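Presented below is the structure to which this report refers.
Atom set for the values below is all heavy atoms of this structure, side chains included, hydrogens, waters and symmetry mates excluded. Source: prediction; values computed, not measured.
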Amino acid sequence: MADYYEILGVSKDASKEEIKSAFRKKARQLHPDVNKAPDAEEKFKELGKAYETLSDDNKRATYDQYGEDGLRNAGFDTNGPFAGGFGDLNDIFESFFGGFGGFGFGGRPDPNAPQRGDDLRYDIKLKFEEAAFGINKEIKFEHLELCPDCKGTGAEKGSGKKTCPQCGGSGQVKTVTRTPLGNFAQITTCPHCHGTGQIIEKPCKTCQGQGIISKERKVEIKIPAGVDNMSKIRVSSEGDCGKNGGPKGDLFVVIHVEPSKYFKREGINVFTELEILPAQAVLGDVVEIQTLDGPKEVQIPAGIQNGNIVKIKGAGIPIITKPSQRGDHIVIVKIKIPVKISEQEKRLYEELYYLNGGKKPQKSILSRVKGVFK
């Protein structure tokens, strides 16, 4: 999933004017009337979606915290004015302009340019009630950090980098091959310095000259009330560290909600089933049921039918962007027919049957003959 800020080419603390300016600049470049690339129209739609979200304060705040899933859960339209998806603007720069946005001349990536760190994913399990009401959780995960000894340079203290003797600092080496058809020159990335044009004199022993180390990180995250299964929470700048001074990536926490034995969820509403006896359905009753807030008495109206519902307003799932507002608890009534009844219950049911117009069964011929002899 591409980041809206990356699509516009702005930082996460960019002002509205910076976002607007970036949109205008890229819109001129990507408009299908100007850009004849096959994917120009799709990229233009993606740009429009990113701008529409980040130029709106409410949408931007929701996106910064919860990503695109949060926008959908909050009821925002995620299609944007141009109805598009996501993409990587570097593809456009490379194919149309021949190398921009971190690319060197001829479309070759510049290894010395600042590079953003990778985003990370962390999957977490929550109980049904934890997802409904929110909770703070401490999580542990591995991520890349700058080496504390060399501060990311990769060199031992007191040493530094020098020009690569193999490529002379260009980062490229030229190989000439003689063939019957003539000489062919091939330019490749220098294997000695990996294209940077520099080598480390004395590599740092802690990070082996990489400038980064893997380290366990503990973070306490606030999971808001109302998150649903597969919701994503963005924790800014908790991903891998960047290279060459680039920014850190983000951490995306993916929610997995354990199903409840009692409650079923649809959006912000919860559903339960309640079995009642025929007499309760006819006469009505007050029964106690389990809700998210604990036991609660519910009025069953007289004459309720099998499959009818009783609604408890405001006892459902909190709205993720407005936790003070909640959905409803919907009780589906099931009338339970008894299988075994006592003789007294049987007589009462028979009497009720006759009162409602039922016909008494006629005596058999054998019974009437027995009656004559008696």
Side-chain angles (χ1 to χ4, degrees), residues 1 52-53 56-80 122-137 220-235 252-276 280-281 284-336:
M1 170 190 312
E52 189 207 22
T53 300
D56 183 290
D57 291 337
N58 291 331
K59 289 185 178 181
R60 183 177 181 179
T62 302
Y63 175 77
D64 286 346
Q65 185 65 27
Y66 309 113
E68 189 182 8
D69 287 338
L71 292 172
R72 281 194 291 266
N73 291 339
F76 290 119
D77 180 12
T78 59
N79 288 326
Y122 185 93
D123 293 82
I124 187 171
K125 287 185 178 180
L126 297 181
K127 295 180 180 178
F128 191 91
E129 290 76 9
E130 290 176 334
F133 294 114
I135 192 173
N136 288 348
K137 288 275 191 180
E220 184 173 286
I221 59 172
K222 181 179 181 181
I223 298 175
V227 294
D228 205 349
N229 192 50
M230 296 308 294
S231 293
K232 297 181 183 66
I233 298 175
R234 180 206 301 265
V235 186
F252 288 89
V253 180
V254 181
I255 306 296
H256 299 271
V257 182
E258 296 178 356
S260 170
K261 295 180 180 179
Y262 188 73
F263 302 105
K264 297 294 183 183
R265 176 177 177 176
E266 290 185 12
I268 58 174
N269 295 326
V270 294
F271 294 78
T272 56
E273 289 188 354
L274 173 66
E275 288 187 341
I276 62 174
Q280 291 175 296
D285 198 0
V286 176
V287 298
E288 185 179 88
I289 69 167
Q290 185 68 28
T291 71
L292 287 173
D293 303 307
K296 189 170 185 177
E297 289 188 341
V298 177
Q299 176 71 51
I300 303 298
I304 195 167
Q305 302 297 304
N306 185 64
N308 284 174
I309 65 171
V310 176
K311 186 180 294 185
I312 308 174
K313 298 287 292 183
I317 303 294
I319 299 175
I320 194 168
T321 54
K322 299 177 182 177
S324 60
Q325 300 180 24
R326 297 171 61 178
D328 300 327
H329 183 148
I330 298 172
V331 182
I332 304 173
V333 175
K334 301 291 185 180
I335 300 176
K336 184 178 181 180

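- At a threshold of 4.5 Å between non-hydrogen side-chain atoms, the residues Gln280 and Leu274 do not count as touching.
- Listed by chain and residue number, Ile124, Leu126, Glu130, Ile135, Ile221, Ile223 satisfy the side-chain contact (heavy atoms from CB on, under 4.5 Å) test with Lys137 (two or more places apart in sequence, or in another chain).
- With hydrogens and angles disregarded, a donor-acceptor distance shorter than 3.5 Å links the side chain of Asn306 to the backbone of Ile335.
- Of all heavy-atom pairs between Lys222 and Ile233, the closest is O-CD1, 4.3 Å.
- Looking at every heavy atom in both residues, Gly307 comes nearest to Ile332 through O-CG2, 4.2 Å.
- How far CD1 of Ile268 is from CD1 of Ile319: 4.5 Å, rounded to the nearest 0.5 Å.
- Minimum interatomic distance between Phe271 and Glu266 (heavy atoms only, all atoms of both residues): CE1-CB, 3.8 Å.
- The side-chain heavy atoms of His256 and Asn229, taken from C-beta on, include a pair separated by under 4.5 Å.
- Contact annotation: the side chain of Ile289 approaches that of Tyr262 to within less than 4.5 Å [non-hydrogen atoms, C-beta and beyond].
- Without hydrogens or angle criteria, Arg60 side chain to Thr62 main chain gives no donor-acceptor distance under 3.5 Å.
- The two residues Ile317 and Ala132 come nearest to each other via the heavy atoms CD1-CB, 3.7 Å.
- Among all heavy-atom pairs drawn from Phe128 and Leu292, the shortest one is CE2-CD2, 4.0 Å.
- The side-chain heavy atoms of Ile255 and Asp228, taken from C-beta on, include no pair separated by under 4.5 Å.
- Between the side chain of Asn269 and the main chain of Asp328, a donor-acceptor pair closer than 3.5 Å is present.
- For Asp64, the salt bridge (charged side-chain N to carboxylate O under 4.0 Å, His left out) criterion is met by no residue, not counting sequence neighbours.
- Evaluation of the salt bridge (charged side-chain N to carboxylate O under 4.0 Å, His left out) rule for Asp123 yields Arg121 as partners, not counting sequence neighbours.
- Side-chain contact between Asn58 and Thr321: absent, with no pair of heavy atoms (C-beta onward) separated by less than 4.5 Å.
- For the pair Glu273 and Lys264, the minimum side-chain heavy-atom distance is 4.5 Å or more.
- Using cut-offs of 30° and 60° on the angle between ring planes, the pair His329 and Phe263 is perpendicular.
- At least one donor-acceptor pair closer than 3.5 Å links the side chain of Asn308 to the backbone N or O of Gln305.
- Heavy atoms from other residues, nucleotides or ligands lying under 6.0 Å from CD of Glu258 number more than 12.
- Here Ile312 contributes atom CD1 and Glu297 contributes atom CD; the two are 11.0 Å apart, rounded to the nearest 0.5 Å.
- Of all heavy-atom pairs between Arg265 and Gly226, the closest is NH2-O, 2.9 Å.
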